[in-house]
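Reminder, nothing fancy here: chain letters follow the sequence lines and each chain counts from 1. Side chains included, hydrogens not; waters and symmetry mates left out as well; all remaining heavy atoms used.
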Amino acid sequence: MSRDGKAADMSGLYRTAARQSVTKLDPRQLWRNPVMFVTAIVAAMTTVLGLRDLASGTPGAGVALHIAFWLWLCVIFANFAESLAEGRGRARADTLRATKSETKVRVLDGPDADPATASEVVSTSLRAGQFVYVAAGDIVPTDGEAVRGMASVNESAITGESAPVIREAGGDRSSVTGGTTIASDWLVMKVTAEPGKSFLDRMIALVEGAERQKTPNEIALNILLVGLTLIFLFVVVTLPAFASYSGATIPVVVLGALFVTLIPTTIGGLLSAIGIAGMDRLVKANVIAKSGRAVEAAGDVDTLLLDKTGTITFGNRMADALLPAPGVESRRLAEAAALASLADETPEGRSIVEKARELLGAGLGMPAGAMPVAFTAQTRLSGLDLADGRRFRKGAVDAVIRLTGQTPPGALAAQVDAIARSGGTPLLVAEGAQILGVVHLKDIVKPGVRERFAELRAMGIRTVMITGDNPLTAAAIAAEAGVDDFLAEATPEMKLDLIRREQAGGRLVAMCGDGSNDAPALAQADVGVAMNAGTPAAKEAANLIDLDSDPTKLIEVVMVGKQLLISRGALTTFSIANDVAKYFAVLPAIFVAAYPGLAVLNIMGLASPSSAILSAVIFNALILIALVPLALRGVAYRPASAAQLLRRNLLVYGLGGLIAPFLGIKAIDLCLVALNLA
Amino acid sequence: MTILAYSLYFAALVGAPLGLALWMGRVYGGVSALAGMERAVLRAAGVNPERGMTWGSYAMAVLAFNLAGFLLLYAILRSQGLLPLNPDGIAGMAPDLAFNTAVSFVTNTNWQAYSGEAQLSYLAQMAGLTVQNFVSAGTGMAVAVAVIRGFTAAKGGTLGNFWLDLTRSVLWILLPLSIILALFLAWQGVPQTLQGAVTAVTVEGGEQIIARGPAAAQIAIKQLGTNGGGFFGVNSAHPFENPSVASNLAQCLSILLIPVAFCFLFGRMAGDRRQGWAIFAAMAVMFVAGLAVIHWAEVAGNPLLGPGANMEGKEQRFGAMLSALWAASTTAASNGSVNAMHDSFMPLSGLVMLVFMQIGEVIFGGVGAGLYGMLLYVVLAVFLAGLMVGRTPEYLGRKIEGREVTLAVLAFLSMPLGILVGGAVAATAPAALSAVQDAGPHGLSEILYAYSSATGNNGSAFGGFGAALPWHTTALGLTMLMGRYAIIVPLLAIAGSMLRKTRAPVTAGSFPTHGPLFVTLLVLTVLILGALTFFPVLALGPIAEETARMAGQSF
């Protein structure tokens, strides 16, 4: 999308949000947010009273209408923030919906039926259990599982990733998603989703927020906000009685203004926007949350189960070092290892050639007339026979010993042992009957992973590496990557047990997985992230789905969850701390007539009672508006321990919340006086 | 000298409760040597002490026991004229006053709308009031222990058994301490006799009736159990209740002894002493700050009345400092006994006392009640700020979720409801207004003080207030009930709900609930959520009075 297009898109988003912020004034919608509902009632009441005074020419109508204006602004901007947050999701939903067109599809009688016998039906009429034939160029009509054939599928509509992926019958890559396109070949798929229940449908509903339900923590916070509102209602409703005892009268408009400034409008108005924006951040990270609860739980996670392959290591063993036998030059070993691997197209083989090139420099090509010897399960060797009769081999230690009929010299044997002990794989390299040295193959830990885990540890999150490797290898990699624990030779049952054990200890566990045999563990985990490339069973069991199928995403999900909770807490604290200054602005203003001595409470030195009340109301509205971007963006979050986070946030939002309104209200008061508005 | 005296007092106030908490921890855990006696008592009452209770049955037991106590006490007060041990021939109490008094003693408030020596027989004092002094304090302690168990016990445990906790509180904590204190007070000159009043001939030849009675026993428990209901009308300002500086200090310490010990008991039961120290520190910071204000205001005195301390309404024996210390202790601890007339204190002192009560008596507070009241603030503070560390807020490893927040808010509403709504009605209804003695802001302070004292279950009063007016005996009685049970029941429910949660282990990601940062947070929560709610009415009462005084006007 061009820059202009993006700008137009954004302005469209704002226009829609602006329109909706007015339509959301409908009491039936406002009711969902009690704090704003109450604010709207006070605003309406103030408007009516102001208009009445205006009609009857009573003095003070101007101030009342002025207050009413700012109260309405509060409500409208709260609506605006919510609409804006929703709008981002809606834009995404629209692009998704575009891929969901009605097409003709070829239905087969059974999985093995001849495609020629297919009957054509419309895609929307497909039911679960039917078999559909899809070939290159077709859009997959709905979710299903490949039961025959193999095809490359372009999933960019869902994931945004344009490189096609392979989908084939059987195994863990059998799942096909509605809305994706077959790039080549064909498949017979069994439909697994009922109409309107496909992954795409669910995703649209989720990002649109149509199915958005308040999360547990949000509900609890809402209750507290309602409770505080009730308390301040007691304060304001009983105040006229105490005031009349003291010989003071307080106009209803002023009581209303006091009430609205005291209730937690800032957090009340922005609470739902924070929640929607948090979900939106996940969508941006290409993760679909099946429930908001999972996002909150992600913030609480104590233990992360991470698959070794793909998350911690690159997933392939690679040459780490070439160690020559005594009396052999390292160049000679490198040359021999490279020649033995030139024809080897496996990642291991390529990595050996690359390692050798580091030593030899470029310019190592396939010699003319050379004959590759491929790896077989029987020989467990591969290599190259040159035209001049020289034969280069590399392979497992025992295979090379058998081939050459020699045992490695003592020093080399020690190195071989050391490699095996460190969890690596030793490969011997031989020319003819002479053992030249050993290649150290090992899992290479991704750069930056160690630091990431240290960060997680500082946040109090334990990382457990899951691997099918033997305990020796696992321990070596665990130590190198800096994980806290590992589970070696892991089976799905062991994973499930580990999760249950952790949970019994009161810890919340997150994991990711893709295979069908991961499904029970995914379901058991508090936060289960399924890879989109995974099986339908895994996706069903998980509560989050990563469209990029990137296992490192788990860490990002945790961060998003934490940021969501922190944003809520920060704005709540800020909102409540604000009350101190508001009391000091409004109380002297309403009581000074009865007790002139109470002017000492006017520590901000506000110009007049009416300017003081107006300033408090205006500050209340402006702070809500000013915090809309923060609510949508989320509070800045750096991984740190709870104690550090608390200290920092308490300082910024607690102390800041105490001080900011004193400065803000004073500044507004000065402006009002300068503009002659009060 | 002042600083030294205060330092010694505070050293005793930390040292003695530390030791007591150790003993209390053992008592509530069960001491095998005492088990036989406990079983005998409970068997006689038909209770199986082995059976742990859910929060619901614990709450029902509390309510049933207190209801029975109320009915019995009400009956005694109404019919005391017909009952024995009434050497002075005192008649039965009026229905509204008996209701008020019975509620007041059952709820551990000990608001006294009557004058003990004139309106109560010895039987009513001993079998009625003193019994409730023990068991209402025991009830508060039992509830606190149950609540602590809810927060600290392993998942799936129970809150304990109310009857057992009550029995242990009374038998092994309140009774021994009371005996020691009563003996000490009797030695200092407090009467303990069943003979009636003495008629003496004064120097001028006039005739004076000097009331006496079994005072020492009742005074001991009135202080230790944060009851506060004096044997005599003027409470511990009476030379028979509080004859010497030594008796004054002993009583002043015993007011705070058990409430402070509860902080340390909490840390002990939580298996992490720092948790107890944090709560103690938050309470202590507020206590010292309030005490400093009262001390300063009283020692400085009122320049309108000439130089020197403000001595009107104070005992010459105790002076400004000991009166200030007592006033701070008794309002902080929900005790309500007085050794000087609070009505006569300076406006700022009155302000501090009002705030101490209005925040819900959580600065040490009533025995047990202070701790569970503070835990209410802890729940709110942790929920508010806990989110800021990026996790669902948790306290002692247990998550604070919707249910706990709902219950905490519910409990929390009782303070503004009782004080603001009760006070507002009293400030406008003509039938209630005649109780007010003084004009202007001081009159409003009297009303506020009465309703704050009742809701906080404190029991002290601004002396000029006509508490015996039927309006107030009834309204204040209802307020006392709300201030007690509208907090106990939700808190037990919170405890029950916490107990069902798995305790998460403490990690670097857990919200730290000890240390200066948390103490600051807790204090701010108490001040902003608790005290600030009452800022408008306080501005019209003591603050307006103080500003007027500075301008040269007094009320």
Side-chain angles (χ1 to χ4, degrees), chain A residues 216-217 219-221 223-224 226-227 230-232 234-235 238-239 241-246 296 299-300 302 457-462 504-507 561-563 565-566 568-570 572-573 576-577 579-580 583 587 591 594-595 597-598 600-601 637 641-643 645-647 649-650 653-654, chain B residues 380 383-393 397 399-402 404-406 409-410 412-413 416-417 420-421 423-425 427-428 440-441 443-444 447 502-505 507-512 515 517 520-521 524 528-529 532-537 539-540 543-544 546-548 550-551:
Chain A
N217 179 266
I219 293 170
L221 190 51
I223 291 166
L224 181 70
V226 170
L230 257 174
I231 288 173
F232 291 123
F234 288 148
V235 172
T238 57
L239 202 51
F242 293 112
S244 83
Y245 179 95
S246 312
E296 260 173 25
D300 288 348
D302 300 287
R457 196 168 308 115
M459 289 157 61
I461 298 174
R462 228 164 66 87
R507 298 182 195 88
K562 287 203 177 290
Q563 198 189 22
L565 294 174
I566 292 175
R568 270 190 207 141
T572 308
T573 308
I576 290 171
D579 276 1
V580 178
Y583 272 118
L587 287 189
F591 294 148
Y595 295 115
L598 287 180
V600 294
L601 293 181
Y637 173 58
S641 74
L645 280 174
L646 181 66
R647 192 173 312 120
N649 289 333
L650 213 50
Y653 298 99
Chain B
L380 291 174
F383 183 76
L384 280 175
L387 282 173
M388 284 198 295
V389 306
R391 283 165 70 100
T392 300
K399 287 193 167 29
I400 294 175
E401 293 165 299
E404 292 76 44
V405 172
T406 312
V409 166
L410 216 63
F412 197 68
L413 281 175
L417 199 63
L420 293 177
V421 176
V425 175
T428 39
L444 188 68
I447 298 174
T502 315
R503 276 183 86 164
T507 68
S510 317
F511 181 85
L517 197 62
T520 313
L521 176 69
L524 286 178
I528 292 182
L529 290 187
L532 217 51
T533 311
F534 303 99
F535 191 19
V537 286
L540 289 174
I543 299 176
E546 172 68 13
T547 57
M550 290 193 293

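- The minimum heavy-atom distance linking B/A508 with A/R457 is given by the pair CB-O, 4.0 Å.
- Inter-residue side-chain proximity for A/L221 and B/L387 is flagged as met; some heavy-atom pair is nearer than 4.5 Å.
- Between the CG atom of A/L650 and the CG atom of B/L524 there is a distance of 7.5 Å, given to the nearest 0.5 Å.
- Taking chain B as the reference chain and counting heavy-atom pairs below 4.5 Å, the highest number among A/L601, A/L230, A/V226 is found for A/L601.
- Expressed to the nearest 0.5 Å, how far CG of A/L598 lies from OG1 of B/T547 amounts to 4.5 Å.
- In this structure, no portion of B/L410 lies under 4.5 Å from any heavy atom of chain A.
- Only the side chain of B/F383 comes within contact range of chain A, judged by heavy atoms closer than 4.5 Å.
- Neither the backbone nor the side chain of A/A594 comes within contact range of chain B, judged by heavy atoms closer than 4.5 Å.
- The candidate from B/T507, B/L420, B/T428 with the greatest count of non-hydrogen atom pairs under 4.5 Å with chain A is B/L420.
- Only the side chain of A/F591 comes within less than 4.5 Å of a heavy atom of chain B; its backbone N, CA, C and O stay farther away.
- When all heavy atoms of B/A427 and A/Y245 are compared, the closest pair comes out as O-CD1, 3.4 Å.
- Remark: A/T573 OG1 to B/L521 CG distance equals 8.0 Å, nearest 0.5 Å.
- The parts of B/L417 that come within reach of chain A are both its backbone and its side chain, each placing non-hydrogen atoms under 4.5 angstrom from that chain.
- Options A/V600, A/L239, A/T572, A/D302 differ in how many heavy-atom pairs under 4.5 Å they form with chain B, and the most are formed by A/D302.
- Looking at every heavy atom in both residues, B/V405 comes nearest to A/A220 through CG1-O, 3.5 Å.
- Interface residue B/A539: backbone and side-chain heavy atoms are both found under 4.5 Å from chain A.
- Contact count versus chain B (heavy atoms, under 4.5 Å) is highest, among A/L645, A/I219, A/T238, A/V580, for A/T238.
- Rounding to the nearest 0.5 angstrom, the gap separating the OG atom in B/S510 from the CG atom in A/L646 is 12.0 Å.
- Contact check for B/K399 versus A/D300: side-chain heavy atoms found under the 4.5 Å cut-off.
- Per-residue counts of heavy-atom pairs under 4.5 Å with chain A were compared for B/G509, B/A551, B/A504, B/P536; the largest is that of B/P536.
- Residues A/G505 and B/P505 come closest through the heavy atom pair O-CD, 3.2 Å.
- Taking both residues in full, the closest heavy atoms of A/Y595 and B/G440 are given as OH-C, 4.1 Å, listed atom of the first, atom of the second, then distance.
- The two atoms that bring A/A643 and B/L517 nearest to each other are O-CD2, 4.2 Å, heavy atoms only.
- For the atom pair CZ of A/F242 and CG of B/L444, the computed distance is 6.5 Å after rounding to the nearest 0.5 Å.
- If you measure heavy-atom distances from B/V409 to chain A, the contacts under 4.5 Å come from the side chain alone.
- The choice from A/L224, A/I576, A/I461 that makes the most heavy-atom pairs within less than 4.5 Å of chain B is A/L224.
- Side chain of A/Y583 to main chain of B/L532: a donor-acceptor pair is present (N/O by atom type, distance under 3.5 Å, no hydrogens or angles).
- Counting heavy-atom pairs closer than 4.5 Å to chain A, the top-ranked of the candidates B/V421, B/L540, B/I528 is B/L540.
- For B/L413, the parts lying under 4.5 angstrom from a heavy atom of chain A are both the backbone and the side chain.
- Of the residues considered (B/L380, B/T502, B/T520, B/V389), B/V389 shows the highest number of contacts with chain A, using heavy-atom pairs under 4.5 Å.
- Here the straight-line distance linking atom CZ of B/R391 with atom CG of A/N217 works out to 12.5 Å at 0.5 Å rounding.
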